[in-house]
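Worksheet: one structure, shown below.
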Amino acid sequence: MARKKKTNNKKQSKAKPQKRKSGVSNLISVLIKNHKDKNGGHPHVIVDNIDNKHVSVGLTTHKRKGNSEKAGKNYSLKNNPLDNNAEPTFMRRQATIDDKSQYYSPRTGKMDKVDYEQAKEYGKKARDKYLNKKEQKK
């Protein structure tokens, strides 16, 4: 009697090899500090330094700058730099330049590259305005 060869009846899957992720993240680590204001303070992303001052852009959870329908719209962020699971976050369209002593509670957050570039653009406009004003005083 001839013996039968044992065959492996397991189906071999021809799964496509998984593509490796490039490891490039769209998130950038940013410095966030609270800025003192008349309402007690709210978080700002620090985008630049000039003289002894920070150039920063404020973060908020409101779609508009004010309560009116005519109020300017805030820039919508892709993710919340403070907490990814939190409610939608917006960025003010006008940067703030103030003494470093007016900022407190430093921490880091993650911001999308596109959003950070927009924050840098707002900061650049404010810095240029500040330097022009400073130059005119001389």
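Everything quoted here is computed from the prediction, not taken from an experiment.
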### Message
Around atom NE2 of His62, are there more than 12 heavy atoms from other residues, nucleotides or ligands closer than 6.0 Å?
### Response
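Open: at most 12 neighbouring heavy atoms sit under 6.0 Å from NE2 of His62.
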### Task
Mark yes when over 12 heavy atoms from residues, nucleotides or ligands other than Lys63 sit less than 6.0 Å from its NZ; otherwise mark no.
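Counting other residues, nucleotides and ligands, NZ of Lys63 stays at 12 neighbours or fewer.
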### Message
Tell me which one of His35, Arg107, Lys33 satisfies side-chain contact (heavy atoms from CB on, under 4.5 Å) with Pro43.
### Response
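One option only clears the test, and that one is Arg107.
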Any non-hydrogen side-chain atom of [X] less than 4.5 Å from a side-chain atom of [Y]?
X      : Y      : answer
Leu31  : Pro106 : yes
Ile32  : Leu82  : yes
Val45  : Leu59  : yes
Tyr130 : Ile50  : yes
Tyr122 : Arg92  : no
Val30  : Tyr116 : yes
Gln94  : Lys65  : yes
Tyr75  : Asp115 : yes

Please confirm whether the backbone N or O of [Y] pairs with a side-chain atom of [X], one donor and one acceptor, at under 3.5 Å?
X     : Y      : answer
Arg64 : Ala71  : yes
Arg93 : Lys73  : yes
Asp98 : Gln102 : no
Asp99 : Ser101 : no

### Query
Do you see a donor-acceptor pair shorter than 3.5 Å between the side chains of His44 and Asn34?
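No, Asn34 and His44 have no side-chain donor paired with an acceptor closer than 3.5 Å.
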### Message
Return the CD to CG distance between Glu135 and Asp128, rounded to the nearest 0.5 Å.
### Response
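Between Glu135 CD and Asp128 CG, I get 12.5 Å after rounding to 0.5 Å.
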### Query
Between Asp51 and Lys134, does at least one N-O distance fall below 4.0 Å, as a salt bridge requires?
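Salt bridge: yes.
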### Query
If you measure from the Lys or Arg side-chain nitrogens to the Asp or Glu carboxylate oxygens, is any gap between Arg127 and Asp48 under 4.0 Å?
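Yes, Arg127 and Asp48 are salt-bridged.
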### Task
Look at the rings of Tyr103 and His54 and say which category their plane angle falls in: under 30° parallel, 30 to 60° tilted, over 60° perpendicular.
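The arrangement is perpendicular - the two ring planes meet at more than 60°.
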